[in-house]
**Q** 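Encoded as structure tokens, here's the structure I'll be asking about.
Side chains are part of it too, since the values below use all heavy atoms of this structure and drop only hydrogens, waters and symmetry mates. One-based numbering, in listed order, for ligands and for the atoms of each.
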Amino acid sequence: MKEFLNFINGEYVRNASGKTFQDINPVNGSVIGNIYEAGQAEVDAAVAAARAALKGDWGRLSVAERCKLLDAVAGEINRRFDDFLQAEIADTGKPHHLASHVDIPRGAANFQIFIDTIKSTATESFNMRTPDGKTALSYGVRVPRGVIAVVCPWNLPLLLMTWKVGPALACGNTVVVKPSEETPATATLLGEVMNQVGMPKGVYNVVHGFGPGSAGEFLTQHPGVNGITFTGETRTGTAIMKAAADGVRPVSLEMGGKNAAVVFADCDFQVTIDTLTRSCFENAGQVCLGTERVYVERPIFEKVVAALKERAEAMKPGLPFDHDTKIGPLISKKHQAKVLGLYKTAKDEGATIVTGGGVPDMPDALKDGSWVQPTIWTGLPETATVVTEEIFGPCCHISPFDSEEEVLGKVNANRYGLATAIFTQDIARANRLAHQIEVGLCWINAWFLRDLRTPFGGSKQSGIGREGGVHSLEFYTELRNVMVKF
Ligand SMILES: NC(=O)c1ccc[n+]([C@@H]2O[C@H](COP(=O)([O-])OP(=O)(O)OC[C@H]3O[C@@H](n4cnc5c(N)ncnc54)[C@H](O)[C@@H]3O)[C@@H](O)[C@H]2O)c1
Ligand SMILES: N/C(=C\C=C\C=O)C(=O)O
């Protein structure tokens, strides 16, 4: 039976309490291994190790020396690509094609982009004449924020953890990572990489556990933490923001979404259907940027519904390494129950079920997995539960619209503001809409196409802050102003 230990000060440690919890394979409900839950003592030790590293060898490295180590981390992730692939797929059940083309390659890329960024980002300086006729030169200095708590979700475990650890370390901070309780494997494995490349002890630490009354809460409430970067549900982000208030620690929050797609009659139909199939069903709908509301200009409404129905019904569920598997399970029985509950709510609220709405018929060996059918609804009002609340499953509601004003009002009438995808060949109209839609990210004729230099983050209840390229420096460094008179 596998064991997932905490990683503190360069060593794998269990815990003082002996408490463990199970890591479950969502494909068939089997037990992968036991995870050692970090208590207050382990979290204290991890924060202390991170603090000591800041004041030790790591804190004395130049930017170039730091980047050389981080480049070695990226290289070692790529060298151990299959180990990370196996670990991620065991924890999540996601199809091999997805993990090998999205999750794991971003593990290395998320270090590379911030090596490039930190090496090439200047700070400003100003020159002024002083009242007594002398000169004063002011210049900015970026210094590390300190010990950063990194609290991660389960949907893209390595990608989303390194999206935070990469810039944090590139900027000279140290980190204590709290992976999701559902997906401990890749964050734990990264500890081996850190030791392999000679990363100073205490720079990278991992504590396992849950939220309230467990490692997540102990970490975000810890007075030795200088900043908290969180990715997860909005209600969790709210709790973390309250915890951060004590000690006035800054937060970077990447949270929930109820993302819309807007499809105009003049769109490239094939591109639109190909892209919507990904945005609605990829990763079994467990992508924060995923589409759960599709608005279609009336002339092609029926055509889009029929085409997406066909695609949904062609998404074959199965084992991650089976070549013809197109969709995996949800992350857990708990999440499966939540999504199936919302499937039932949609039905109770009068939805037309175009396809899905339940559990697929799986072979006996997979019956204990957390499977749900890709599902499409029509016919619900904008006030319906599945049209307003995040589901985080492979499902969407499709409805027609007749004007730009109408669809803009519907898209913006949601408490979330993360991402939108617009499909039209009228690029002027697309840009006009993109400037009015209250989200952090808007794709035109594309989805989840990422340039890591660009600002990433949510508006309204989808997040606080922007990360990516130079934007990450705003959170992971403090900008100090120095003025010298001469
Ligand atoms: N905006 C984005 O970039 C983005 C990316 C991925 C996922 N998400 C969102 O994440 C959610 C799914 O992920 P999830 O179910 O893991 O989210 P979650 O909020 O349940 O958990 C996220 C992490 O927070 C920890 N946590 C929970 N309560 C805590 C507390 N009180 N204090 C400290 N830590 C706590 C959990 O243990 C986990 O590690 C969805 O809402 C999705 O939209 C957003
Ligand atoms: N943060 C990113 C993706 C988030 C996906 C949400 O599930 C990224 O691509 O950097």
**Q** Does any N or O atom in Trp154 lie less than 3.5 angstrom from one in ligand 1, N or O only?
**A** yes
**Q** Test your reading of the structure: does Cys152 have an N or O sitting under 3.5 Å from an N or O of ligand 1?
**A**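 Yes; the residue has a nitrogen or oxygen that sits under 3.5 Å from a nitrogen or oxygen of the ligand.
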**Q** What's the verdict on side chain to side chain contact (heavy atoms under 4.5 Å, CB included) for Asp91 and Trp154, showing C-alpha distance, side-chain angles and the deciding distance?
**A** CA-CA 9 Å; Asp91 268 358; Trp154 44 255; over 6 Å; no
**Q** What protein heavy atom is closest to atom 6 (C) of ligand 2, reported as residue, atom name and distance in Å?
**A** Cys288 SG, 2.2 Å
**Q** As an exercise, identify every atom of ligand 1 less than 4.0 angstrom from a heavy atom of Gly211.
**A**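 Ligand 1 atoms under the 4.0 Å threshold to Gly211: 26 (N), 27 (C), 28 (N), 29 (C), 30 (C), 35 (C), 37 (O).
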**Q** What is the nearest protein non-hydrogen atom to atom 8 (N) of ligand 1, stated with its residue, atom name and distance?
**A** Cys288 CB, 3.6 Å
**Q** Do the side-chain N and O atoms of Ser17 and Glu37 include a donor-acceptor pair separated by under 3.5 angstrom?
**A** no
**Q** Are Arg278 and Trp443 in a cation-pi setup, meaning NZ or CZ lies under 6.0 angstrom from the ring centre and within 45 degrees of the ring axis?
**A** no
**Q** Where's the contact between Leu160 and ligand 1, heavy-atom distance under 4.0 Å: side chain, backbone, both or neither?
**A** side chain
**Q** Going by atom types alone, do Gln86 and Asp82 pair a side-chain donor with an acceptor below 3.5 Å?
**A**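 No, Asp82 and Gln86 have no side-chain donor paired with an acceptor closer than 3.5 Å.
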**Q** Let me know which of Leu158, Leu156, Leu160, Ile89 forms a side-chain contact (heavy atoms from CB on, under 4.5 Å) with Asp103.
**A**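 Considering Leu158, Leu156, Leu160, Ile89, a side-chain contact (heavy atoms from CB on, under 4.5 Å) with Asp103 is found only for Leu156.
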**Q** By number and element, which atoms of ligand 1 are closer than 4.0 Å to a non-hydrogen atom of Phe230?
**A**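 Numbered from 1, ligand 1 contributes 19 (O), 22 (C), 23 (C), 24 (O).
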**Q** Looking only at protein heavy atoms, which one is nearest to atom 28 (N) of ligand 1, and how far off is it?
**A** Thr236 CG2, 3.2 Å
**Q** Are any side-chain N or O atoms of Asn9 and backbone N or O atoms of Ala49, one a donor and one an acceptor, separated by less than 3.5 Å?
**A** no
**Q** Hey, which atoms in ligand 2 end up nearer than 4.0 Å to a heavy atom of Val287?
**A** 7 (O)
**Q** At under 4.0 Å between heavy atoms, which part of Pro179 makes contact with ligand 1: side chain, backbone, both or neither?
**A**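 Pro179 to ligand 1: backbone contact only, side chain stays beyond 4.0 Å.
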**Q** Got the closest protein heavy atom to atom 13 (O) of ligand 1, with its distance?
**A**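 Nearest neighbour among protein heavy atoms for atom 13 (O) of ligand 1, to 0.1 Å: Pro153 CB, 3.4 Å.
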**Q** Ligand 2 versus Leu160, non-hydrogen atoms closer than 4.0 Å: side chain, backbone, both, neither?
**A**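 Side chain only; the backbone of Leu160 stays clear of ligand 2.
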**Q** Is it the case that the side chain of His222 and the backbone of Val43 share a donor-acceptor pair, with hydrogens and angles ignored and the cut-off at 3.5 Å?
**A** no
**Q** For ligand 2, which atoms sit closer than 4.0 Å to a heavy atom of Arg450?
**A**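 Heavy-atom distances to Arg450 below 4.0 Å select 8 (C), 9 (O), 10 (O).
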**Q** What distance separates Thr234 OG1 from Gln461 CD, expressed to the nearest 0.5 Å?
**A**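 Going from the OG1 atom of Thr234 to the CD atom of Gln461 covers 6.0 Å.
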**Q** Does any N/O atom on Ser462 come nearer than 3.5 Å to any N/O atom on ligand 1?
**A** no
**Q** Any idea which protein heavy atom is nearest atom 12 (C) of ligand 1, and the distance to it?
**A**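 Looking at atom 12 (C) of ligand 1, the protein heavy atom closest to it is Phe392 CE2, 3.7 Å.
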**Q** Of the protein's non-hydrogen atoms, which lies at the shortest distance from atom 1 (N) of ligand 1, and what is that distance?
**A**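 Among all protein heavy atoms, the one nearest atom 1 (N) of ligand 1 is Met255 O, 2.8 Å.
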**Q** Any atoms of ligand 1 less than 4.0 Å from a non-hydrogen atom of Gly256? List them with their elements.
**A** 41 (O), 43 (O)
**Q** State the atoms of ligand 1, each with its element, that fall below the 4.0 Å cut-off from a heavy-atom position in Phe456.
**A**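 Per the distance check, 3 (O).
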**Q** Give the numbers and elements of all ligand 1 atoms closer than 4.0 Å to a heavy atom of Ile240.
**A**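 Atoms satisfying the 4.0 Å criterion: 32 (N), 33 (C), 34 (N).
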**Q** Does the N or O separation between Lys178 and ligand 1 drop below 3.5 Å for any pair?
**A** yes
**Q** Within ligand 1, which atoms have a heavy atom of Phe210 less than 4.0 Å away?
**A** 37 (O)
**Q** For atom 10 (O) of ligand 2, what's the nearest protein heavy-atom neighbour? Residue, atom name and distance, please.
**A**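 Result: Arg106 NH2, 2.7 Å.
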**Q** Would you call Gly463 a ligand 1 contact, heavy-atom distance under 4.0 Å?
**A**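 No, Gly463 has no heavy atoms under 4.0 Å from ligand 1.
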**Q** Taking all non-hydrogen atoms of both residues into account, name the closest pair between Asn173 and Arg145 and its distance.
**A**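 Scanning both residues completely, I find the closest heavy atoms to be OD1-N, 2.6 Å.
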**Q** Does only the side chain of Asn155 get under 4.0 Å from ligand 2, or the backbone, or both, or neither? Count heavy atoms.
**A** side chain
**Q** Does ligand 2 have a heavy atom under 4.0 Å from the side chain of Asn110, from its backbone, from both, or from neither?
**A**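 Looking at Asn110 and ligand 2, no heavy atom falls under 4.0 Å.
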**Q** Please work out which of the three classes, parallel, tilted or perpendicular, describes the rings of Phe21 and Phe210, given edges at 30° and 60°.
**A** tilted
**Q** Within ligand 1, which atoms have a heavy atom of Ser180 less than 4.0 Å away?
**A** 39 (O)
**Q** Thr234 to ligand 1: N or O pair under 3.5 Å?
**A** no
**Q** Do Asn6 side-chain atoms and Arg14 backbone N/O form a donor-acceptor pair below 3.5 Å?
**A** yes
**Q** Tell me which protein heavy atom sits closest to atom 25 (C) of ligand 1, plus the residue, atom name and distance to 0.1 Å.
**A**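 Atom 25 (C) of ligand 1 sits closest to the protein heavy atom Val151 CG1, 3.6 Å.
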**Q** Using a heavy-atom cut-off of under 4.0 Å, does the side chain or the backbone of Asn155 touch ligand 1, or both, or neither?
**A**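 The part of Asn155 near ligand 1 is the side chain, not the backbone.
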**Q** How close does the nearest protein non-hydrogen atom get to atom 43 (O) of ligand 1, and which residue and atom is it?
**A**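 Protein heavy atom with the smallest distance to atom 43 (O) of ligand 1: Glu390 OE2, 2.6 Å.
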**Q** Tell me the protein heavy atom at minimum distance from atom 17 (O) of ligand 1, and give that distance in Å.
**A**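 Answer for atom 17 (O) of ligand 1: Glu233 N, 3.4 Å.
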**Q** Work out which heavy atom in Pro167 is nearest to a heavy atom in Glu467; give both atom names and the distance.
**A**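 Where Pro167 meets Glu467 most closely, the heavy atoms are CG-OE1, 4.4 Å.
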**Q** Give the atoms of ligand 1, by number and element, whose distance to some non-hydrogen atom of Leu418 is under 4.0 Å.
**A**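 Taking each heavy atom of Leu418 in turn, ligand 1 has 1 (N) under 4.0 Å.
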**Q** Hey, can you tell me if Phe7 and Tyr204 have their rings parallel, tilted or perpendicular (30° and 60° cut-offs)?
**A**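 Phe7 vs Tyr204 ring planes: tilted.
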**Q** With no hydrogens and no angle check, just 3.5 Å: does a side-chain donor-acceptor pair link Glu88 and Thr186?
**A** yes
**Q** Which residue supplies the protein heavy atom nearest to atom 3 (C) of ligand 2, what is that atom called, and how far is it?
**A**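 Result: Phe456 CZ, 3.7 Å.
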**Q** Is a salt bridge present between Lys334 and Glu182, judged by a nitrogen-to-oxygen distance below 4.0 Å?
**A**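 Judged by the 4.0 Å cut-off on N to carboxylate O distance, Lys334 and Glu182 do not form a salt bridge.
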**Q** Does any N or O in the side chain of Trp371 come within less than 3.5 Å of the main-chain N or O of Leu366, such that one atom is a donor and the other an acceptor?
**A**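 Checked: pair present.
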**Q** So which of Lys19, His208, Glu3, Glu42 actually passes side-chain hydrogen bond (donor to acceptor under 3.5 Å, both in side chains) with Tyr36?
**A** Glu3
**Q** If I take atom CG from residue Asn414 and atom OG from residue Ser462, how far apart are they, to the nearest 0.5 angstrom?
**A** 8.0 Å
